[in-house]
Amino acid sequence: MGSHDAMGLQTIMGRISIGCYLSCGILVLFASRVQATSKRGSRGEALQSGTLPRFLQEPDDAYIIKSNPIQLRCRAQPALQIFFKCNGEWVHQSQHLAQEHTDLGTGMKFREVLINVSRQQVEDFHGPEDYWCLCVAWSHLGTSKSRKASVRIAYLRKNFEQDPQGTEVPLKGMIVLHCRPPEGVPLAEVSWLKNDELLNMDTKVGERADNNLIISEARLSDSGNYTCQASNIVATRRSANAAVVVYVNGGWSLWSDWLLCNVRCGRGLQKRSRTCTNPAPLNGGAFCEGMSVQKSTCNTLCPVDGGWGPWSLWTACGVDCGRQRSRDCAEPEPRHGGRPCDGPKLGADNCTGGLCIQMCSGNPLLINSSMQPDLSGSQTYTSPMCFQDSMDKELMADHSLLDPLPDIMVKGKGVMAEYHVMSHPRTFPRGVAPDYQGVGVDATLGRRGKTLFIRHGLPRPPPPPLPPPLKTTRVLGHAGGRLVVPNTGISLLVPRGGIAEDTSWEMYMIINQEDSSTAPVDEDEVLLSPEVTYGPPGLDLSCPVALSVAHCADLSSPADATWAVRLKRRTPENKWEEVMSMDEESTSCYGLLEAERCHLLLGRPGRYALVGRPLSQAAAKRLRLGVFGSPDLSNPLGYNLRVYCVDDTLHALQAVAVLECVRGGCLLEEPRTLQFSGDGFSLQVSIQDLPQLLWSIKPFTTCQEFSFAQVWGRDHHPLQCAFSLEYLGPPPTPPKLSCKISVRQVKGREQILQVYTSAAEQSEKGPIPLFPRSHCPLTSESGSTAFKIPPSIHQRICATFDSANSKGKDWQLLAQKLHVDRNLSYFACQRSPSAVILSLWETQHQTSGDVDSLACALEEIDRAPSPGTLTPLGQDSDRPDSEFS
């Protein structure tokens, strides 16, 4: 051994002896290795050994997870040897894993040593500090020590030292949730969850150093279940849920205008109101304090009903064989809301005693009159003759009627005159076609050989009576009830509790049928439903009523692309005002438009109607077609067919039923529906496949036509056309009639009505129902029998969904599940939104009697465990009872 190596060894051995760093075995081994190394050392290694060891990697603090040992690593350069010391004691050589590497960049060697520390070693150590280890590296010049690395057993306790607590705060208040995570090594990191989702820490949500959650300005969306979550390398723990409810205290709206005086004449009361909707209380917020209604005395000028003045003198007889006179409603004039005069303002009369047939132009044509017109044989008449109906056409088609005027001949019989016969533009207008039963007419059809004449002076039969008033009344109290006009599709639901306790109202509902001078439609609008009035006018309810009306708008295409449907109300001044549009939101009323009905939530009694403005030519309305038949009382071999085209509503069918009841008619075919487009084309009605050898039909009546304006018109009077038939065959008993009635829109859709009947008796098909077989007639009822939902369940649903709920399961979710979540601002203004939603559901399902849809909605909301909790009567449920059972 050289002197230099020997001197270095003596120095190292001296330090080892003084510091007691190694055991005797390690000293012997180390000395031998130093000698071997010194013999093999190169020049580069001699240069490395001239410095103290420098640590390239020191052992890091480590945590033992469960029973998995950890590994400590130490790397130094230059280093002849590296050993670990743990808790002041050297780690045995056998527990070291030593490796030597060469740095490819510098060509210098470095040494790396690893040891494993087990959980048992750490648990067996009992000292004043944590289990620790460091490494010592040697070079020729001396030794270097690394940092101490602590080794700890990682854990996380289960229980939080402080769980967050639920709280209720007002809107824009401060939310503070405290959280102290469970004890753990290493310390747990805290995060917050809302409704089981990681909270987005936006600008309005902060987290202090002590892990508390702070929301400086609460919003409604901040309501929910909050959870404190603690995590470290071992586990993740969650605290108990803290329910946070952000509530809104109610505020009064502005006072409404004063209502009209409650009496029409003299001293009375008027009132104004305000609502707790500015804002409406939400999530258990306090209701407004104070009065919602103010009353004041008022004096009303007594109304003066109008009275007619005397008739004026008759005008001179005109070319139309008519004269007129008028009178004024001025004795007295209606004042202060008095009723206008009843009856016509204008009067008209035939100034020839009925001996004149009107012509469109030229002189009148007289029949059987001693007053002969001034006509010459060389005079030609080419003016079109305007006949009012098919009977008039037949009268003029028979040339024998013109015998009193020998100088005038029908085209084809002579050359003196021409008559271009054309149908009147308003053939069979709105209303009933002329009824010739009972008229003194001895008819001839030419080849039958009978004479035809009109016996003047005999009165015509009186017109058919007006239909009975469609009205229903019922006394209702606190338990509520339902008003129904039978077979019209119109009903009114008064909710439970709407009328104050110990109070009752005699309520009524009327379908207005009289002709009104003030129609609810403008020029470009169509009346889609009947006009319905409910009252009395002074009705005072605490919640809205539900009015259900039928309409005839065809909604097979998207409604917003074809129709703009509006609700209108008649004012005390007999003017119509728009209440709401079905495609817009409103807080005054609510409208739910279905394919055939519209359900309305209303707060003010009055007269209402649905109108529509077509948005394109694709807009269409539904027509209901029906064919009736009855024997001709004036002709034993005659039979009359009447075809009706009405709006597809039960109310319109009711009007037809009344007319046919008076006439003694029989329904020959189940009514059909026809889609009538708003493209401007007319409607044609024709009779087809009529056996010509057995039956004859009056001329010019095989095909009849309604103008577009008549069908698309503003009123709901039934359109009717008539076919007068006569049996020609042998006399069976009774004669059979088989034919088809075609109803089609020009360039549009068509419906075929099949007729097969015994002309002298009822149809061989048997009685055919006028109303659909699926139609379940409702009746007016009061109390709990008027509702599908039992009172106890109704009360529980309202109490549950009107109250605040931290998971957001409130009345808004109930509305969504029942598919009435449009215009939620209307429900928010109600005292009990859930009760109003249930009233709407009741009127939607009043004919089905099925509560499964409500039960399914409750189940989806996780309020009821199964759809069977609202089992209809007569059905058993094997499921357990729930809160709403």
Q.
Rounded to the nearest 0.5 Å, what separates atom CG in Leu814 from atom CG in Leu858?
A. 6.5 Å
Q: Step through the shown structure and confirm whether more than 12 heavy atoms of other residues, nucleotides or ligands are within 6.0 Å of CD on Glu594.
A: yes
Q | Working for side chain to side chain contact (heavy atoms under 4.5 Å, CB included), residues Lys271 and Asp540 | A | CA-CA 11 Å; Lys271 63 180 181 179; Asp540 187 12; 3.7 Å; yes
Q | Inter-residue atom distance Trp563.CH2 - Met582.CE, 0.5 Å rounding | A | 13.5 Å
Q | Residue list, ring-ring contact (aromatic ring centres under 6.0 Å, His included) with Phe125, at least two apart or on another chain | A | Tyr131
Q | Interatomic distance, His178 atom NE2 to Asp163 atom CG [nearest 0.5 angstrom] | A | 13.0 Å
**Q.** Donor-acceptor under 3.5 Å (Ser529 side chain, Leu610 main chain)
**A.** yes
**Q.** Lys172 and Asp222 ion-paired at < 4.0 Å
**A.** no
(Q) Take a 6.0 Å sphere around CD of Glu129 and say whether it holds more than 12 heavy atoms from other residues, nucleotides or ligands. (A) yes
Q: Answer yes or no: is there a side-chain heavy-atom contact under 4.5 Å between Asn249 and Leu171?
A: no
Q | Cation over ring face, Arg474 and Tyr508, 6.0 Å, 45° | A | no
(Q) Ring-plane angle category for Phe827 and Tyr590, please: parallel below 30°, perpendicular beyond 60°, tilted otherwise. (A) tilted
**Q.** Pro544 side chain near Leu602 side chain, heavy-atom distance below 4.5 Å
**A.** no
Q.
I'd like to know whether CG of Asn68 has more than 12 heavy-atom contacts from other residues, nucleotides or ligands below 6.0 angstrom.
A. yes
Q: Starting at OG of Ser588, measure out to OH of Tyr826 and round the result to the nearest 0.5 Å.
A: 8.0 Å
Q.
Is it true that, when you exclude His819 itself, more than 12 heavy atoms of the residues, nucleotides or ligands shown sit nearer than 6.0 Å to its NE2?
A. no
Q | Over 12 foreign heavy atoms within 6.0 Å of CZ, Arg274 | A | yes
Q: Taking the side chain as every heavy atom from C-beta outward, state whether Gln121 and Ser118 have any atom pair closer than 4.5 Å.
A: yes
**Q.** Sub-4.5 Å side-chain heavy-atom contact between Asn211 and Cys228
**A.** no
Q | side-chain hydrogen bond (donor to acceptor under 3.5 Å, both in side chains) between Ser825 and Asn823, worked out | A | CA-CA 5 Å; Ser825 58; Asn823 195 9; 3.1 Å; yes
Q. Would you say Arg597 and Val549 make side-chain contact, with heavy atoms under 4.5 Å?
A. no
Q: Could you give me the CA-CA distance, side-chain angles and deciding distance for Thr275 and Ser253, then say whether side-chain hydrogen bond (donor to acceptor under 3.5 Å, both in side chains) is met?
A: CA-CA 5 Å; Thr275 58; Ser253 66; 3.2 Å; yes
**Q.** Carboxylate-amine/guanidinium proximity below 4.0 Å for Glu842 and Lys788
**A.** no
Q) Does Glu578 pair with Arg566 as a salt bridge, N-O distance under 4.0 Å? A) yes
Q. Heavy-atom distance under 4.5 Å between the side chains of Trp192 and Thr227, does that happen here?
A. no
Q. Side chain of Ser780, backbone of Leu483: donor and acceptor closer than 3.5 Å?
A. no
Q) Which atom pair, heavy atoms only, marks the closest approach of Tyr534 to Val545? A) OH-CG2, 3.6 Å
(Q) Are more than 12 heavy atoms, taken from residues, nucleotides or ligands other than Glu577, located less than 6.0 Å from that residue's CD atom? (A) yes
Q: Report yes or no: does Trp252 contribute a side-chain atom to a donor-acceptor pair with the main-chain N or O of Glu289 at less than 3.5 Å?
A: yes
Q: Would you check, one step at a time, whether the test side-chain hydrogen bond (donor to acceptor under 3.5 Å, both in side chains) holds for Glu189 with Gln229?
A: CA-CA 8 Å; Glu189 295 182 357; Gln229 178 173 278; over 6 Å; no
Q) Quick one: does Leu818's side chain get under 4.5 Å of Leu854's, heavy atoms only? A) yes
Q: Could you pull out all residues at least two apart from Arg119 that satisfy salt bridge (Lys or Arg N to Asp or Glu O under 4.0 Å)?
A: Glu123
**Q.** CG/Asp124: more than 12 non-hydrogen atoms of other groups inside 6.0 Å
**A.** yes
Q. How long is the span from the CZ atom in Arg482 to the OG atom in Ser548, to the nearest 0.5 Å?
A. 10.5 Å
Q. Hey, what do you get for OH (Tyr608) to CG (Leu600), rounding to the nearest 0.5 Å?
A. 9.0 Å
Q | Any donor-acceptor N or O pair under 3.5 Å, side chains Ser832, Ser834 | A | no
Q) If we only count heavy atoms from C-beta on, is the Phe787 to Arg496 side-chain gap below 4.5 Å? A) yes
Return a table of donor-acceptor pairs under 3.5 angstrom between the side chains of residues 148-162 and protein atoms on other chains or two or more places apart.
{"residue": "Ser150", "atom": "OG", "partner": "Asp61", "partner atom": "OD1", "Å": "3.3"}
{"residue": "Tyr155", "atom": "OH", "partner": "Glu183", "partner atom": "OE2", "Å": "2.8"}
{"residue": "Glu161", "atom": "OE1", "partner": "Arg180", "partner atom": "NH2", "Å": "2.9"}

